[in-house]
Amino acid sequence: MTILTVLEFPDPRLRKIATPVLTTDDNLNQLIDDMFQTMYAALGIGLAATQVNVHKRLLVADVSIEKNDPQVLINPEILEKDGVAVTEEGCLSVPGYYEEVERAEQIRIRYLDRDGNMIENDAEGLWAICIQHEIDHLDGKLFVDYLSEAKRQRIRKKLKKDRRQQPAQAAVI
């Protein structure tokens with residue numbers, strides 16, 4: 001398995017809308033494994049394929065405390081939303097920033113699992129928030145889009161500054 005590079009805001013590739021997954025094959029399974037490896041290594045609870053520069057409608061998540069409940073959602077869609085939850089969110093593509101975001105408290109979703117089975121079920125709490133956050137990525141949207149323009153600009157400038165100040169990595173030959 002490989003740890004993939006996670007794109008960071010304001011990279012324009014994060015704004016690309018993902019296309020449906022048409023076939024499940026060994027390449028997709030390898031991508032899923034690599035996405036889990038990347039998500040767990042970064043201490044995340046969810047990762048959309050868009051975040052690793054693969055613009056397919058695929059996300060992986062594990063909101064369990066023990067990190068022993070990996071979930072794969074292929075071509076996920078939200079069928080229904082109910083209630084309102086305001087929670088503090090962070091994002092692997094916006095490292096170091098956490099802000100309150102309003103989302104539906106409960107959702108009904110439909111997706112394919114890793115084996116290609118059609119699943120339709122309900123999600124609530126952190127699981128529902130995570131799914132909505134990751135589906136936003138597949139639609140080219142980030143949690144900072146829910147913030148004021150001024151706050152978004154401050155985050156953008158700070159992340160750019162932080163990247164400029166990172167020491168250059170030596171080339172490996």
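Grouping the Ile, Leu, Val, Met, Phe, Trp and Tyr side chains by contacts below 4.5 angstrom, directly or via other members, places Leu28 with Met39.
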Donor-acceptor pairs under 3.5 Å, side chain of residues 123-135 to any protein atom, not counting sequence neighbours: which ones?
from	atom 1	to	atom 2	distance (Å)
Glu124	OE1	Gln106	NE2	3.2
Gln132	OE1	Ala104	N	3.1
Gln132	NE2	Ala104	O	2.8
Gln132	NE2	Ala128	O	3.0
His133	ND1	Glu89	OE1	2.7
His133	NE2	His137	NE2	3.4
Glu134	OE1	Ala48	N	3.1

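Scanning both residues, Leu147 and Ile155, for their nearest heavy atoms gives CD1-CD1, 3.9 Å.
With hydrogens and angles ignored, the 3.5 Å screen pairs a side-chain donor or acceptor of Asp62 with a backbone N or O of Asn68. Looking at Asn75, its side chain never comes within 3.5 Å of a backbone N or O of Pro20 through a donor-acceptor pair.
No side-chain donor from either of Arg108 and Asn121 sits under 3.5 Å from a side-chain acceptor of the other. Counting only N and O atoms by type, the side chains of Gln71 and Asp69 include a donor and acceptor under 3.5 Å apart. Side-chain contact annotation: Gln30 with Asp34, donor-acceptor N/O pair under 3.5 Å present. Judged by distance alone, the side chains of Gln51 and Ser93 do bring a donor and an acceptor atom under 3.5 Å apart.
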Next item on the list: List the steps and the verdict of side chain to side chain contact (heavy atoms under 4.5 Å, CB included) for Leu138 and Lys56.
Entry: CA-CA 7 Å; Leu138 301 178; Lys56 296 292 181 188; over 6 Å; no
Item checked: Derivation of the side chain to side chain contact (heavy atoms under 4.5 Å, CB included) call for Tyr146 and Lys141 -> CA-CA 9 Å; Tyr146 293 91; Lys141 189 171 184 176; 3.6 Å; yes
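Summarising the local packing, CD1 of Ile65 is surrounded by 12 or fewer heavy atoms from other residues, nucleotides or ligands at distances under 6.0 Å.
Leu59 contributes atom CG, which lies 11.0 Å from atom CG of Asp136 (distance to the nearest 0.5 angstrom). Here Leu79 contributes atom CG and Glu120 contributes atom CD; the two are 5.0 Å apart, rounded to the nearest 0.5 Å. Taken to the nearest 0.5 Å, the CG atom of Leu7 stands 10.0 Å off from the CG atom of Leu4.
Remark: Phe36 engages Tyr40 in a ring-ring contact (aromatic ring centres under 6.0 Å, His included) (not counting sequence neighbours).
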